[in-house]
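Structure first, then comments.
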Amino acid sequence: MDTLYKPQGVENRWQQTWEEEGLYSADPDSSRQSWVYCFPPPNVTGNLHLGHALQISLGDVLARWKRMQGFNVLVQAGYDHAGISTQNVVEKALEREGTSRQALGREAFVERVWEWLHEYGGNIVHQFRSMGASMDYRRIRFTMDEGYVRAVMRWFVHLYERGWIYRDNRIINWCPHHETSLSDLELEDVDMDDALTTIQYPLADGSGHVSIATVRPATILADTAVAVHPADERYRDLVGKEVIVPFVERRVPVIADERVEMEFGTGALKVTPGHDPTDFAIGRDHGLPELTVIGPDGRMNDAAGELAGLTQDDAAKRILEWAAGRGQIEKRESYRHAVPTCERCHSRIEPLISLQWWCRMDDLKQPAIAALNERKVAFHPESQHRFAISSLEGAPDWNISRQIWWGHQLPIWYCPDGHVTVVETAPDACAECGSTDLTRDPDVLDTWFSSELWPFATLGWPDETPDLAAFYPGNLQTTAREIIRLWENRMIFAGLELFGEVPFTDVIIHSTLLAPDGRRMSKSLGTGIDPVEEINKQGADALRYGLLKMSSTQDVRFSTGAINEGRKLAIKLWNVSRLILANAGDEVPDARPDSVEEQWILGRLDGTRETVEKALDGFSFGAIPIALYDLTFEDFCDFYAEAIKSRLYAGDANARATALAALEQLLKLLHPVMPHVTEEIWSYLPGRETRLIVAPWPTAQPTWRDRQAAETMDRVRSAVKTFRRSGVLVTAYDAETVRIFELIVGAPTDGGQGDVEAERTRLQKEIDRGEKMLANEKFVANAKPEVVESERQKLERYRAELDALA
RNA sequence: GGGCGCUUAGCUCAGUUGGGAGAGCACCAGCUCGACAAGCUGGGGGUCACUGGUUCGAGCCCAGUAGCGCCCACCA
């Protein structure tokens, strides 16, 4: 073994070896029980940042643990085509070349996207490998590969035949830049400064006016009513009358509706069903006309008459000038409010009425809600479970059509008579009239429509494959909070609808990693950090360890401290392994722990095994790095290794064999978190034929947890600490304690020296405290017996130590 | 407006059924002793956000206050 541990070479070598030897591969024919981690396929054009790395660290620790437990583990690898995102990236590349999507035309553009993907896509798999993610790289899937497209088409037709897909003219979120509709979940609210203008709408009977506040004067042209709250005393008499809309001078009714906020503005609302979601809802309920004056490009359309072609700002200016000329403008104040924007390009969303395809949610979501209530799927932590249920309950019908070019084109064909044919592959003739003059719907599906099939489409569905039989349903899913509604919930209802079974049983909602300055870590903000950067600096094991440590709370600010700790742990492990292996010999004798310190370390190893198992079973990862770090540094290196050193040098066969056994156990416990360094050390152990990655996880060894040994070592710790702190040697202990003490501190000869007085004061304080507690009757009566007993023992020990000093 | 969460050492954070305030980094001092200077040993440093309550005992439980973060929502 090299003197220095160099992660770079070691990690690369094992990543290749594991993969080449097929140790990452899941076997559908295996008789072993399967365990499936349904890893979220990242965007094909993307790059991992540390947030993703944290996610894969958590899942991979579990996957490696399950693999060691003998499960037939599958971690599915792959990519998502990520519709709008990918289209965006390629469009920007075209822009740099001085051309555009429109100039190329649809077919050529899609061709270009594929070319682009082959050239630049897929960096993420490289990043996964660098992290030591134990995915099955032989079965990488893409949401646009041939089999997957078949699955999407089958699913669409299935839903259509169930009557859950329909077409309707409704108000949708329109992105003027992408020129497509977006679901509510694809929006991002941004605070913007606007002007809030209060305009008078004269009453048609000339008896006065109603004042109305608006931030979008351009939409005045599409007003079809004015609404007030039914309980609003100020306007009660006006309901049923008519007012005259400024500029267009149209007479519209005053109506009453509870959706109006009495406290906002003047308490009167101009109703514009064509350009506002709330107004749309009010309009439908009151049967108001739906006028559209803004086109898909965000400019005024032909219905805007003399303002047609103007931008909304210019139109607003003209309208306000008109109103000002008649003294109808009351005031104009600055106003900051949240405005929905496109999460991809941050263009201001235009609510427009548009003919779109929708997926009805009622029948899909009910079984999913029931499954969550029965905990067939459990979200961790619990608070997110409740959130998942409530967001399913509130899920509105889903706008699934997008007016972009990259994605799964809807399997819908129209004949000249307007009949609709929905089939998986291109039909020869219209299903209704037999016409062969068919046109395919140009829209593509929302990306998440295909994502929701991931747990089974990757296994070959809609075909009945051995993979599907072996690996569906799966077990684990990991994700960020904001993805629950977009993806997890939808995978659950899709799985239930097609198989009657949930696709996984546990979902870990992991922490959001913030940049060091406290902002979100994201590519668009420029705050993302490439995990490979950190791997190059400190190693993949160190990174995995550090991310695990950062995974415990809801949000955590990234700092290199935890990763640094991981690097230290790897180096420490390497060095103590060198100590043991350099003195071990080549044979593998049976371990026979014949001393207290050996019995104790085996007990500590078994205790840590239990701690780790409990943490992994409960999906609370934070405790694991701490437990492993303390075990390795304090117990294994500072005490155990120091105590047995001399026996190792002397060639004591039992000590050597026990040391090897203890090291083996330690490596196993560390492997899920730090796979590379442990596998490397493992390869130096004499007589090991299997790789550590598939070595059996240790079983419980209660006989190792010897209480006597633990108590003796507690006394040793105490004595060592006292001696190092004050130079005082406490000799009151039994021979065993003294023997181990001398092994660790090197047999001091000048016992009783040092700052005895300070030590005596310290001990007296402890004794006083202990006596006070034990004299407290309520404490003795109410506290747990173990607590009282431990207080008693401590008091006893302090008294003995004080006696020895006297 | 609704939901979730956070506030502990200079920094990043642990602290799981209430029982002596912790780790890493940073800082200071000492140490090359046959695994480890990418190290070891020791040390300084905290009104556990604030107020009240429950309790023999509260960082932990309850109520409230303040500040911060994230997600959601149809106040134009």
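It should be emphasised that the depicted structure is a prediction, and the values quoted were computed from it without experimental measurement. Throughout, a chain's letter reflects where its sequence line sits, starting with A, and its residues are numbered from 1.
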Shorter than 3.5 Å, N or O on both sides, protein versus nucleotides 25-32 of chain B: list them out with atom names.
| unit_1 | atom_1 | unit_2 | atom_2 | d |
| --- | --- | --- | --- | --- |
| C25(B) | OP1 | Lys568(A) | NZ | 3.0 |

Side-chain atoms of Phe779(A) come closest, of G19(B), G39(B), C4(B), to G19(B)
For Asp638(A) and G39(B), what is the distance between atoms CG and P respectively, to the nearest whole Å? 14 Å
Say we look at G52(B) and G57(B): how far apart would their P atoms be, to the nearest angstrom? 16 Å
Would you mind reading off the distance between Phe621(A) atom CZ and U16(B) atom C1', rounded to a whole angstrom? 16 Å
With C1' as the reference atom in both, quote the distance from C36(B) to G18(B) in angstrom, rounded to an integer. 41 Å
Return the nearest nucleotide to the side chain of Arg724(A); candidates are G19(B), U41(B), A35(B). U41(B)
Take atom P in G44(B) and the same atom in G24(B), then report the distance between them in whole Å. 15 Å
Using whole Å, report how far CD1 of Ile484(A) lies from C1' of C70(B). 12 Å
Base, sugar-phosphate or nothing for Asn782(A)? Non-hydrogen atoms, less than 4.0 Å. base
Using a cut-off of 4.0 Å on non-hydrogen atoms, how would the nucleic acid contact of Phe633(A) be classed: base, sugar-phosphate, or nothing? sugar-phosphate
Here the pair of heavy atoms bringing Ser391(A) nearest to Arg485(A) is CB-CD, 3.2 Å
Remember a base hit wins even if backbone is also touched, and classify Lys784(A) as base, sugar-phosphate or nothing at under 4.0 Å, heavy atoms. base
Sub-4.5 Å side-chain heavy-atom contact between Arg725(A) and Glu759(A): yes
Send over the distance from Ile509(A) CD1 to C70(B) C1', rounded to a whole Å. 14 Å
Tell me which nucleotide among C56(B), A38(B), C71(B) gets nearest to the side chain of Leu4(A). A38(B)
When you compare the protein's N or O atoms with those of nucleotides 73-76 of chain B, which come within less than 3.5 Å of each other, and at what distance?
| unit_1 | atom_1 | unit_2 | atom_2 | d |
| --- | --- | --- | --- | --- |
| C74(B) | O4' | Thr278(A) | OG1 | 3.3 |
| C74(B) | O2' | Thr278(A) | OG1 | 2.8 |
| A76(B) | OP2 | Tyr335(A) | OH | 2.5 |
| A76(B) | N6 | Glu261(A) | O | 2.9 |
| A76(B) | N1 | Glu261(A) | N | 3.2 |

Any side-chain heavy atom of Glu258(A) within less than 4.5 Å of one from His229(A)? yes
Report the distance from atom CD of Glu565(A) to atom P of C13(B), rounded to the nearest whole Å. 14 Å
Which class fits the ring pair Tyr335(A) and Phe264(A): parallel under 30°, tilted 30 to 60°, perpendicular over 60°? perpendicular
Using 30° and 60° as the class limits, which term best fits the ring planes of Tyr5(A) and Trp574(A): parallel, tilted or perpendicular? tilted
So Arg717(A) and Asp635(A), salt bridge (Lys or Arg N to Asp or Glu O under 4.0 Å) or not? Walk me through it. CA-CA 10 Å; Arg717(A) 277 167 188 269; Asp635(A) 298 335; 2.2 Å; yes
Which of residues 219-231 of chain A have a heavy atom under 4.0 Å from RNA chain B? none
Give, for atom CD1 of Ile282(A) and atom CG of Leu269(A), the distance between the pair rounded to the nearest 0.5 Å. 5.5 Å
Using a cut-off of 6.0 Å, state whether more than 12 heavy atoms not belonging to Glu777(A) lie near its atom CD. no
Would you measure the distance from the P atom in A38(B) across to the matching atom in C50(B) and give it in whole Å? 42 Å
Both distances below 3.5 Å, Watson-Crick or wobble geometry, any strand: find the nucleotide opposite G45(B). none
Could you tell me whether Lys6(A) and Glu680(A) make a salt bridge, using a distance below 4.0 angstrom between a side-chain N and a carboxylate O? no
Side-chain N,O (Lys572(A)) to OP1/OP2 (C40(B)) below 4.0 Å: yes
Find the partner of G1(B): check Watson-Crick (N1-N3 plus N6-O4 or O6-N4) and G-U wobble (N1-O2, O6-N3) distances, both under 3.5 Å, and reply none if neither fits. C72(B)
Complementary nucleotide of C31(B), counting Watson-Crick and G-U pairs under 3.5 Å: G39(B)
Specify the separation, in whole Å, of atom NZ of Lys549(A) and atom P of G15(B). 11 Å
Separation of the P atoms in U65(B) and C25(B), to the nearest angstrom: 41 Å
To the nearest Å, give me how far apart CD1 (Ile624(A)) and C1' (A14(B)) are. 14 Å
Less than 3.5 Å between a donor and an acceptor, one on the side chain of Glu642(A) and one on the base of A35(B), is that the case here? yes
What integer number of Å spans the P atoms of A37(B) and A23(B)? 23 Å
Taking only side-chain N and O atoms of Lys778(A), does any of them lie within less than 4.0 angstrom of OP1 or OP2 on G57(B)? no
Which base, if any, makes a Watson-Crick or G-U wobble pair with A66(B), both distances under 3.5 Å? U7(B)
Looking at Leu372(A) and His385(A), what are the two nearest heavy atoms and their distance? O-NE2, 3.0 Å
What I'd like to find out is whether the side chain of Arg170(A) reaches to under 4.5 Å of the side chain of Ile353(A), using heavy atoms alone. no
For the C1' atoms, the ones on G69(B) and on A76(B), what distance do you get once it is rounded to whole angstrom? 29 Å
Between Phe619(A) and Phe621(A), what is the ring plane arrangement, given parallel below 30°, perpendicular above 60°, and tilted in between? tilted
Quick one: label Ile626(A) by what it contacts on the DNA or RNA (base, sugar-phosphate, nothing), any heavy atom closer than 4.0 Å. sugar-phosphate
Proximal nucleotide (of C40(B), C36(B), G19(B)) relative to the Asn575(A) side chain: C36(B)
Side-chain donor or acceptor of Lys365(A) paired with backbone N/O of Glu393(A) under 3.5 Å: yes
Distance between P atoms of A63(B) and C6(B) (Å, rounded): 15 Å
For A26(B), the Watson-Crick or wobble partner whose two distances fall under 3.5 Å: none
I want to verify a distance call: between G19(B), A35(B), U41(B), whose nearest atom is closest to the Lys645(A) side chain? A35(B)
Residue pair Arg216(A), Glu350(A): steps toward the salt bridge (Lys or Arg N to Asp or Glu O under 4.0 Å) verdict: CA-CA 11 Å; Arg216(A) 300 184 64 196; Glu350(A) 289 297 339; 2.8 Å; yes
For A35(B), take OP1 and OP2 only and decide whether either is under 4.0 Å from a side-chain N or O of Tyr649(A). yes
Phe741(A) and Phe723(A) aromatic ring geometry - parallel, tilted or perpendicular at 30°/60° bounds: perpendicular
For Arg578(A) and G39(B), what is the distance between atoms CZ and P respectively, to the nearest whole Å? 14 Å
